[in-house]
S.K.: 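Dropping a structure here in structure tokens format, bear with me for questions.
Just so it is clear, the model here is predicted, and its values are computed rather than measured. Residues take their numbers from the sequence shown, with the count starting at 1.
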Amino acid sequence: MPAYGTLQFDAVLTSVIGRIPPQIPASAPDWRAASLEGRVYPGLVAAPGAATSGVLLTGLTLREWGILDAFEDDRYDLREVTLTSGGRALAYVWPDIEVRDDNWDANTFMTRHLEEYAARCARIAPRLAAEAGQ
């Protein structure tokens, strides 16, 4: 699964699924991680000619997939995207609503929001696991 937003951060992954899975640098052409109105996390939206960078999370268990599915906003749509490597992967794609013109900035998130966001994720993790049937 390509992670282009908050799931690129070890603290968030640990809070949500309880571990840091193997990761490979990855990029998705014709997509961008867009800033969203009123949110500190991004949405992956179609953007011809653009490319977004992140990591490909590998070795996820069915349990972890279930938790991540519960973690992602109901507005996200799980779709297959092509990576610059030529491979394909399932990614959570944001609908074209509440999308700002600017791209999400991981460094800004890290310095301004990561600690609080990871703590929030840790608080909701038991509910996510329950929703995933775990």
S.K.: To the nearest 0.5 Å, tell me how far Leu7 CG sits from Leu13 CG.
M.R.: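 So the CG of Leu7 and the CG of Leu13 are separated by 5.5 Å.
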S.K.: If every non-hydrogen atom of Asp30 is compared with every non-hydrogen atom of Gly49, which pair is closest and at what distance?
M.R.: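 That would be OD1-N, 2.8 Å.
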S.K.: Ignoring hydrogens, what is the shortest heavy-atom contact between Phe9 and Ala106? Give both atom names and the distance.
M.R.: CZ-O, 3.6 Å
S.K.: Okay, side chain of Arg32, backbone of Asp102: is any donor-acceptor separation there less than 3.5 Å?
M.R.: yes
S.K.: Taking Thr84 for the side chain and Ala28 for the main chain, is one N or O donor matched with an acceptor at less than 3.5 Å?
M.R.: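 Judged by distance alone, no pair lies under 3.5 Å.
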S.K.: Could you tell me the separation between the CZ atom of Arg79 and the CG atom of Leu44, rounded to the nearest 0.5 Å?
M.R.: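 One finds 8.5 Å between CZ of Arg79 and CG of Leu44.
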S.K.: Looking at Ala11 and Leu114, what are the two nearest heavy atoms and their distance?
M.R.: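 Closest pair (atom of Ala11, atom of Leu114, distance): CB-CD1, 4.4 Å.
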S.K.: Parallel, tilted or perpendicular: which fits the ring planes of Tyr117 and Tyr41, with parallel below 30° and perpendicular above 60°?
M.R.: tilted
S.K.: Sub-3.5 Å donor-acceptor pair from the side chain of Ser27 to the main-chain atoms of Thr52, do we have one?
M.R.: yes
S.K.: Closest heavy-atom contact between Pro95 and Val45?
M.R.: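 Taking every non-hydrogen atom into account, O-CG1, 4.5 Å.
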S.K.: Taking C-beta and beyond as the side chain, do Ile97 and Arg75 meet within less than 4.5 Å on heavy atoms?
M.R.: yes
S.K.: Parallel, tilted or perpendicular for Trp94 and Tyr76, by the 30°/60° rule?
M.R.: perpendicular
S.K.: Check Glu131 with Arg127, please: is the shortest side-chain N to carboxylate O separation under 4.0 Å?
M.R.: yes
S.K.: Quick one: does any side-chain atom of Ser15 pair with a main-chain N or O of Ala118 as donor and acceptor, under 3.5 Å?
M.R.: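 Yes, the answer is positive, given that a donor and an acceptor are paired below the 3.5 Å cut-off.
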S.K.: Heavy atoms only: give me the nearest Leu90-Pro2 pair and the separation to one decimal.
M.R.: O-CD, 2.8 Å
S.K.: Evaluate the ring planes of Phe109 and Trp104, with Trp represented by its six-membered ring, and classify them as parallel (under 30°), tilted (30 to 60°) or perpendicular (over 60°).
M.R.: tilted
S.K.: Could you report the tightest heavy-atom contact between Thr58 and Pro21, atom names first, then the distance?
M.R.: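 Shortest heavy-atom separation between Thr58 and Pro21 comes out as O-CB, 3.5 Å.
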S.K.: Walk me through whether His113 and Glu116 qualify under side chain to side chain contact (heavy atoms under 4.5 Å, CB included).
M.R.: CA-CA 6 Å; His113 306 288; Glu116 180 181 328; 6.0 Å; no
S.K.: Any chance you could measure Ser85, atom OG, to Leu56, atom CG, to the nearest 0.5 Å?
M.R.: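 Answer rounded to 0.5 Å: 7.5 Å.
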